[in-house]
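Down below is the structure, laid out as structure tokens.
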Amino acid sequence: MTARHFLTGAELSSAELGGLLDRALELKRAPLSSRALEGRSVALIFEKPSTRTRLSFEVGIDELGGHPVVLRSEELQLSRGEALRDTAIVLSRHVAAIGVRTGPDETLEQLAEHSSVPVINMLTARHHPCQALADLLTLREAYGSLEGLRIAYVGDGNNVARSLATLGTLAGMHVAVASPDGYSLEDGISLPAGASGLVTLHSDPREAVRDARAIYTDVWVSMGDEAAAKERRAALASYRVDDALLDGGAPGAFAMHDLPAHAGEEISAEVLYGERQRIWDQAENRRHAQKALLELLVSGPA
Ligand code: CP
């Protein structure tokens, strides 16, 4: 049987996404209720730093009765030129699934092509679908149904924005993305059929947040963008999420951020540590959403 991978999030149907979020809520209420990975191991390959992703996958796999095997890329024979294909074949003989955090999406795709167990994207240059699952779970908790919910993403049109748009539209949400010229989310969104009108691109953040129930942002200088830090900060300076921007959203609108954050840069400290945010819930929800994903990919629907 061919393994099911989770590379962009578009591999899920709308119904599967809804079921996964339902299951994640059950697992959040009863974290030790599933032994779906009993006696199984999951490899987690990190080519880039991580706090939330590593922690949530390691603890989540443990809670499912499994054993996480964290592999730093510089410690693998990959760093000495072993082929991705060979690495995928060998890992598939030992583990039930493989999580990968890397730069190029092509690295992830090659591992998936040659893996006989599910490969999960733990962040690439273009996609961060596990983050988007936690984001949707957080919105589900806040608002119940996601169908027709309007949210805004303000800032760099990066991998987090792309995955939010991909999975948000799969859930029937409207995602308005505001970015300056040169930082727009222009392509690579895997929209479900008939969903093209659900993502709108804007340059004015105040226009994007109008009627939005949540306002999302991310750092202005992502991993790999450090060389252009100064020009990025200048271009994105008017895209900060603060109380004034939240006031322009729907009544009760709250801020979201995938973290790590730079308080005072893309988000004000008042919002980050105040009452008008669900950011720390998002960080926790990584674990619950990924446990539901692992159950689905490794064991099939509950
Ligand atoms: N949001 C996120 O992926 O955090 P880490 O980079 O700390 O894993």
Side-chain angles (χ1 to χ4, degrees), residues 6-9 21 24 28 42-63 68-74 97-105 107-108 119-139 141 151 153-168 175 177 185 214-226 229 232 236 241 254-263 265-267 271-273 277-294:
F6 187 70
L7 308 185
T8 69
L21 296 175
K28 184 167 184 174
V42 176
L44 304 171
I45 300 176
F46 286 95
E47 289 191 346
K48 287 174 173 288
S50 168
T51 297
R52 279 142 290 272
T53 303
R54 177 169 175 175
L55 189 62
S56 56
F57 266 104
E58 277 204 63
V59 175
I61 291 163
D62 184 66
E63 286 182 353
V69 183
V70 174
L71 302 166
R72 297 282 318 167
S73 58
E74 68 270 18
I98 304 168
V100 183
R101 169 167 286 207
T102 183
D105 284 77
T107 300
L108 179 81
V119 170
I120 297 170
N121 184 344
M122 301 196 301
L123 180 143
T124 55
R126 292 178 64 76
H127 300 281
H128 198 0
C130 287
Q131 179 64 52
L133 291 180
D135 301 337
L136 298 196
L137 182 59
T138 306
L139 289 162
E141 285 181 310
I151 66 163
Y153 177 98
V154 173
D156 185 19
N158 61 12
N159 51 359
V160 170
R162 185 171 291 106
S163 290
L164 187 68
T166 298
L167 282 151
V175 184
V177 182
L185 181 69
I215 300 174
Y216 201 121
T217 191
D218 190 11
V219 289
W220 291 342
V221 184
S222 293
M223 285 184 281
D225 293 330
E226 291 82 1
R232 289 181 145 269
L236 287 152
V241 172
F254 56 79
M256 299 180 75
H257 194 307
D258 53 299
L259 302 173
H262 292 158
E265 204 166 277
E266 77 279 359
I267 188 166
V271 171
L272 179 62
Y273 301 112
Q277 54 75 29
R278 298 260 178 157
I279 292 166
W280 311 105
D281 291 340
Q282 284 175 265
E284 178 188 333
N285 283 339
R286 292 290 304 272
R287 175 162 48 93
H288 310 301
Q290 288 157 192
K291 285 171 69 179
L293 176 69
L294 282 162

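One-based numbering, in listed order, for ligands and for the atoms of each. The model shown is predicted, which means the values in this text are computed figures rather than measured ones.
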Pair Q277-H257, side-chain hydrogen bond (donor to acceptor under 3.5 Å, both in side chains): steps then yes or no: CA-CA 9 Å; Q277 54 75 29; H257 194 307; over 6 Å; no
Ligand-residue contact atoms, ligand 1 with [X], heavy atoms, under 4.0 Å:
| X | result |
| --- | --- |
| T51 | 5 (P), 7 (O), 8 (O) |
| S50 | 5 (P), 7 (O), 8 (O) |
| R286 | 1 (N), 2 (C), 3 (O) |
| L259 | 1 (N), 2 (C), 4 (O) |

Checking contacts here: is it the side chain or the backbone of R54 that comes within 4.0 Å of ligand 1, counting heavy atoms only? Could be both or neither.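 No part of R54 is near ligand 1 at this cut-off.
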Per-residue contact class, L123 against ligand 1 - non-hydrogen pairs under 4.0 Å: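 For L123, no heavy atom sits under 4.0 Å from ligand 1.
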Tell me if a side-chain donor or acceptor on R162 pairs with a main-chain N or O of R126 at a distance below 3.5 Å.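 Checking the backbone N and O of R126 against the side chain of R162, a donor-acceptor pair under 3.5 Å is found.
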Is a side-chain donor or acceptor of N121 paired with a backbone partner of T8 at a separation under 3.5 angstrom?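 No; zero donor-acceptor contacts below 3.5 Å.
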Between W220 and D225, does the side-chain contact (heavy atoms from CB on, under 4.5 Å) criterion hold? Intermediate values first, please. CA-CA 9 Å; W220 291 342; D225 293 330; over 6 Å; no
I need the nearest protein heavy-atom contact for atom 4 (O) of ligand 1: residue, atom name and distance, please.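 Among all protein heavy atoms, the one nearest atom 4 (O) of ligand 1 is R52 NE, 2.9 Å.
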Do the side-chain N and O atoms of E47 and S73 include a donor-acceptor pair separated by under 3.5 angstrom?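 The answer is no; no qualifying pair exists.
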Between the side chains of Q282 and D135, is a donor N or O closer than 3.5 angstrom to an acceptor N or O?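 Distance-only check passes for Q282 and D135.
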Taking a cutoff of less than 4.0 Å between a non-hydrogen atom of the residue and any ligand atom, is M122 in contact with ligand 1?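 It does not; every heavy atom stays at 4.0 Å or beyond.
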